[in-house]
Amino acid sequence: TEDDITLIENDMKEFWIQFKISYGTEQISQTSALRCACKETIDALSEKWSKKMKEEELMMDKIQEYNNEILQQSKYVSEKEEQLTEIKSKLNQEEEQQKDLTDSIQELEKELMKKMEIKSSKNKAAKEKVERLSKINTLFKERLGLEMRRIHDEQLQFIFRHIDYKDPDKPYMCTLSINEQGDYEVTSCTPPLDCIAEFQLKLRETNNFSAFIANIRKAFTALSYK
């Protein structure tokens with residue numbers, strides 16, 4: 001280092017000063033002693049320099065050791081940062097999947113609620129139609145010889161009498177229900193009528209139940225004369 005070089009230069013100057021002083025005041029016979037002193041000084045300087053070199057070598061080894069340790073620490077930190085990045089990425093993916101799942105569940109809940117509301121509305125409409133038909137049962141029975149019965153699966157059975165003048169008590173029957181779409185549907189007709197499909201269509205279009213019953217009775221009456 002610069003301090004060591006300066007120190008050596010100062011030692012050399014001191015040596016030459018002492019040498020000149022000794023040379024000027026002592027006799028030539030003392031040259032041998034000066035040589036010994038010079039040798040001792042050089043040996044001391046060499047030993048001092050050698051010690052400094054060893055200390056510097058030890059310092060360099062220590063610095064290299066520190067550098068290796070820092071490199072290992074940097075490598076360890078880099079690996080941990082990569083692991084942390086990977087964990088964060090997985091967490092983000094899981095959060096997105098959770099959000100998608102939550103959105104899907106909410107969408108299904110909305111769809112289910114909508115279907116339940118539609119079903120409830122249809123059931124309410126169907127019950128209202130059945131109740132309306134039941135209320136006019138007595139009126140039809142008294143005036144048209146018609147009897148209405150509620151049978152299984154919320155169906156209404158219409159029993160017409162006084163159709164066949166030869167046998168007034170002979171029953172003519174027609175069964176009506178309300179399907180899943182909330183429309184009237186004829187499920188049976190005894191005896192069968194060729195025009196029953198046409199009557200069913202008109203009932204759905206006009207919702208005129210009285211006209212439907214009247215048309216059924218007319219068709220049964222016409223059939224009794226054949």
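When reading the values below, keep in mind they use all heavy atoms of this one structure, side chains included, and skip hydrogens, waters and symmetry mates.
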Using a 6.0 Å cut-off, check whether atom CG of D194 has over 12 heavy atoms from anything other than its own residue. no
What verdict does the side chain to side chain contact (heavy atoms under 4.5 Å, CB included) test give for T175 and C189, after you've listed the backbone C-alpha separation in whole Å, the side-chain angles of each residue and the deciding distance to 0.1 Å? CA-CA 6 Å; T175 305; C189 184; over 6 Å; no
Before we go on, tell me: are the rings of F199 and F220 under 6.0 Å apart, centre to centre? no
To the nearest 0.5 Å, what is the distance between NZ (K170) and CZ (R161)? 12.0 Å
Residue pair E198, K202: steps toward the salt bridge (Lys or Arg N to Asp or Glu O under 4.0 Å) verdict: CA-CA 6 Å; E198 180 183 351; K202 286 183 179 180; 3.5 Å; yes
Straight-line distance of K166 NZ to S224 OG, nearest 0.5 Å: 9.0 Å
Under a plain distance cut-off of 3.5 Å, with no hydrogens placed, do N68 and Q64 share a side-chain donor-acceptor pair? yes
Dump the intermediate steps for side chain to side chain contact (heavy atoms under 4.5 Å, CB included) on D183 and I178, then the final yes or no. CA-CA 5 Å; D183 297 325; I178 298 174; over 6 Å; no
Do I213 and I159 land in one hydrophobic cluster if side-chain heavy atoms of ILVMFWY residues count as linked below 4.5 Å? no
E180 atom CD, over 12 foreign heavy atoms within 6.0 Å: no
Start with the C-alpha gap between I63 and D61, add the side-chain angles, then the distance that decides, and say whether side chain to side chain contact (heavy atoms under 4.5 Å, CB included) holds. CA-CA 5 Å; I63 291 173; D61 292 340; over 6 Å; no
Between S177 and E154: side-chain donor-acceptor atoms closer than 3.5 Å: no
Only one of E81, K80, K75 forms a side-chain contact (heavy atoms from CB on, under 4.5 Å) with V77, so which one is it? E81
Nearest heavy atoms of L223 and P192, plus distance in Å: CD2-O, 4.1 Å
Closest non-hydrogen atom pair between T187 and L176, with its separation: OG1-N, 4.3 Å
Could you state whether L146 and F209 fall into the same hydrophobic cluster, counting links through intermediate Ile, Leu, Val, Met, Phe, Trp or Tyr residues with side-chain heavy atoms under 4.5 angstrom apart? yes
Whether T221 side chain and R217 backbone form a donor-acceptor pair below 3.5 Å: yes
R150 side chain to L156 main-chain N or O, any donor-acceptor pair under 3.5 Å? no
Flag if over 12 foreign heavy atoms under 6.0 Å of CD, E107: no
To the nearest 0.5 Å, how far apart are CD in Q200 and CD in E205? 11.0 Å
For the pair N207 and Y184, evaluate side chain to side chain contact (heavy atoms under 4.5 Å, CB included) and give the outcome as yes or no after the intermediate values. CA-CA 9 Å; N207 203 32; Y184 291 110; 3.2 Å; yes
When rounded to the nearest 0.5 angstrom, what distance separates CD in E79 from CG in L84? 13.5 Å
